Amino acid sequence: MIFRRLQLLFVLMIAIAIVLPTSSAARSMQDHEAAQDAPVSDEREADEHVEEGDHEEEPAKFDAVHHNSDAYYLDFSPMPKLELPRIFVVRRADGEIGVDFFGSTHAAVEAGYVAEIEEGSHGGILDAHIVAGSGKILVDMSISKHLFFAWLSMLIVLGAYLPIAGRYKKGIGRDTAPKGRFHNLLESLVLFVRDDIVRPSIGPKADKYVPYLLTVFLFVVTCNLIGLFPFGATATANIMVTAVLAIMTFIYTMFAGTKDYWKHIFWPPGIPILVKPILIPVEILGLFTKPFALAIRLFANMTAGHLVILSLIGLIFSFADLFGPAVGFGVVPISVAFALFIFLLEILVAIIQAYVFTMLSALFIGMAAVEHEHHEDHGHDAEGSLATVEAGS
Amino acid sequence: MILAANLLAPNLGLFVWMLVTFLLLMAVLKRFAWGPITEALDSREKNIQDSMDQARLALEEAKAIQADNTTARRESEASAQALLRAAREDAEKIRGAEVTKTREQIQSLQEQARQEIEREKVSALEALRHEVADLAIDAAEKILHENLDADKQRKIVHDFLGTLSQN
């Protein structure tokens, strides 16, 4: 029953996800045509009309990258945008350090902050780089779109698992079988991460790392999937978010490292002494490339799918622009079909990438936490070990 | 303007927020979700394992008991058969003894009977001898009394014998 409903929701979601960007893009193109006649007096005034998208001489382009990058508002187009609070840690003109809090970007600008709108950009105040009117912004602690959706993911994960934990405390699932599909689903995720990812990768000390890796998996998978909903954004399509996760894995790896692990990095055993100077830097570099690759992989995967979908939809308007409306309409079925395919692929990728991130994190921690008990079999005394084998047999 | 600049722009504020968010999420989940859940799962796992172990033990026990029962049954069957055989043998022995005894009794009875008969015969012969002697004397008396010729004598004897035979 619940799955039937989920199915329906999914189809609806896909449909809206395809139709919405299309319609908003179409709208902005219409706006653009209307704007051709509107005289643009000065830059400042044009900024006031940002939301109407009619401030520029440049045609309002359908910008897939912009759609994917972080922002300080929630885009509910064609409904109005919802601005998010801006928080600035500033050094004021008198050298004092303070925190400024505004309900929205517009409020900040009204209070004296300056929006630096790039020459040739089609964005308004909302997309502009904000600088302090006087003094200097030290850290921009504003609540961004990606942060908002990361928080939403956090709430979803908490909302899903805290009641379930309560059920376990009451004995359902402990003394009895887990009851209900939702309970079973959530439990199977926990068991999947613990039994199929963490334990095989880390070994005997695995259970110490289960809470971290479970949190990473569920947070990432929720973030990834939330980006596929209409009006949603993918927090994990932000390099800062993935960097935080990768750094967490890095820190865990550092603390998991055994004496053997560090020895293998700083003085690899069983390697000719002349090769060591080459290998040691490589090993040290490897410490950092692993989490770096983690961060980039998740970020790139999550960004790429959205970009491809938006580009495919954008094809419609490119063709319409180049060859006229008839060709544009002709491209619609192809674009939509491809976009649908990529969308379905993205659902898969959202889950796979969460799995991959967790799996690799577990592997890295496992590699660091492993206790080597066979220092001999690194080749330099293979004969010796062969002799021991023969002696043993 | 680099196309992807927005995507890769460093944002310290977001970084700090995310770090705080993630640590908070992990702390809350670890304290209130993963702890109870994994603990419950482990206890359930242990429960199931224990139950299975117990079932296996019980099965082994049952098998052992069954085996015991089988041997016990076999033993009792064997002993019952031995008892039966012994009883039969005893019965046979008793019967044999009985038969011999009976035979002996019969034989002794026969012997007694024979001796009785022998005795009776002897006494009968004795009696007969006496009778015959008496008869001979009687007959001789008659002959002597009646002085008769041979024919008469013969007739007298004959008559006498006739009367005798009538007795």
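All heavy atoms count here, side chains included; hydrogens, waters and symmetry mates do not. Values in this document were obtained by computation on a predicted structure and should not be read as measured data.
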task = Indicate yes or no: at least one non-hydrogen side-chain atom of B/L29 is less than 4.5 angstrom from one of A/L214.
result = no
query = In terms of heavy-atom proximity below 4.5 Å to chain B, should A/R194 be classed as side chain, backbone, both, or neither?
reply = side chain
Region of A/F299 that comes under 4.5 Å of a non-hydrogen atom in chain B = side chain
Contact class of A/I87 relative to chain B, heavy atoms under 4.5 angstrom = side chain
message = Could you tell me if B/W17 and A/S144 have a donor-acceptor pair between their side chains, going purely by distance under 3.5 Å?
response = no
ask   = Under a 4.5 Å heavy-atom cutoff, which of A/G173, A/G166, A/A150 has the most pairs with chain B?
value = A/G173
request  = Taking atom CD of B/Q66 as the centre, report whether more than 12 heavy atoms of other residues, nucleotides or ligands fall under 6.0 Å from it.
outcome  = no
task = Calculate, to the nearest 0.5 Å, the distance between atoms OG1 and CG belonging to A/T215 and B/L25 respectively.
result = 6.0 Å
inquiry  = Taking every non-hydrogen pair under 4.5 Å, which of B/L14, B/L24, B/V28 racks up the most with chain A?
reply    = B/L14
inquiry  = Is there a side-chain contact between A/M248 and B/L23 in this structure, where contact means two heavy atoms from C-beta onward sitting under 4.5 Å apart?
reply    = yes
Nearest-0.5 Å distance that lies between atom CZ in A/F219 and atom CE in B/M18 = 3.5 Å
ask   = Counting a contact as any heavy-atom pair under 4.5 Å apart, which residues of residues 69-99 of chain B contact chain A?
value = none
request  = Under 4.5 Å, heavy atom to heavy atom: which of residues 36-52 of chain B reach chain A? Give them by number, or say none.
outcome  = B/P36, B/I37, B/T38, B/E39, B/A40, B/L41, B/D42, B/S43, B/R44, B/E45, B/N47
Part of A/I247 lying under 4.5 Å from any heavy atom of chain B = side chain
key: Rounded distance [0.5 Å steps], CG in A/L213 versus CE in B/M26   = 9.5 Å
message = Heavy-atom pairs under 4.5 Å with chain B - which of A/A235, A/A243, A/P178, A/A177 has more of them than the others?
response = A/P178
request  = Taking all heavy atoms of B/F32 and all of A/K169, pick out the closest pair and write down the distance.
outcome  = O-NZ, 4.5 Å
inquiry  = So for atom CZ, which belongs to A/F192, do other residues, nucleotides or ligands contribute more than 12 heavy atoms lying within a distance under 6.0 Å?
reply    = yes
ask   = Side chain, backbone, both or neither: which part of A/V139 has a non-hydrogen atom closer than 4.5 Å to chain B?
value = side chain
Smallest separation among heavy atoms of A/P211 and B/W34, with atom names = O-NE1, 3.4 Å
query = Does NZ belonging to A/K170 count more than 12 external heavy atoms closer than 6.0 Å?
reply = no
query = Using non-hydrogen atoms only, which part of A/V89 is less than 4.5 Å away from chain B: side chain, backbone, both, or neither?
reply = neither
inquiry  = With chain A as the partner, which of B/L19, B/N11, B/V16 has the greatest number of non-hydrogen pairs under 4.5 Å?
reply    = B/N11
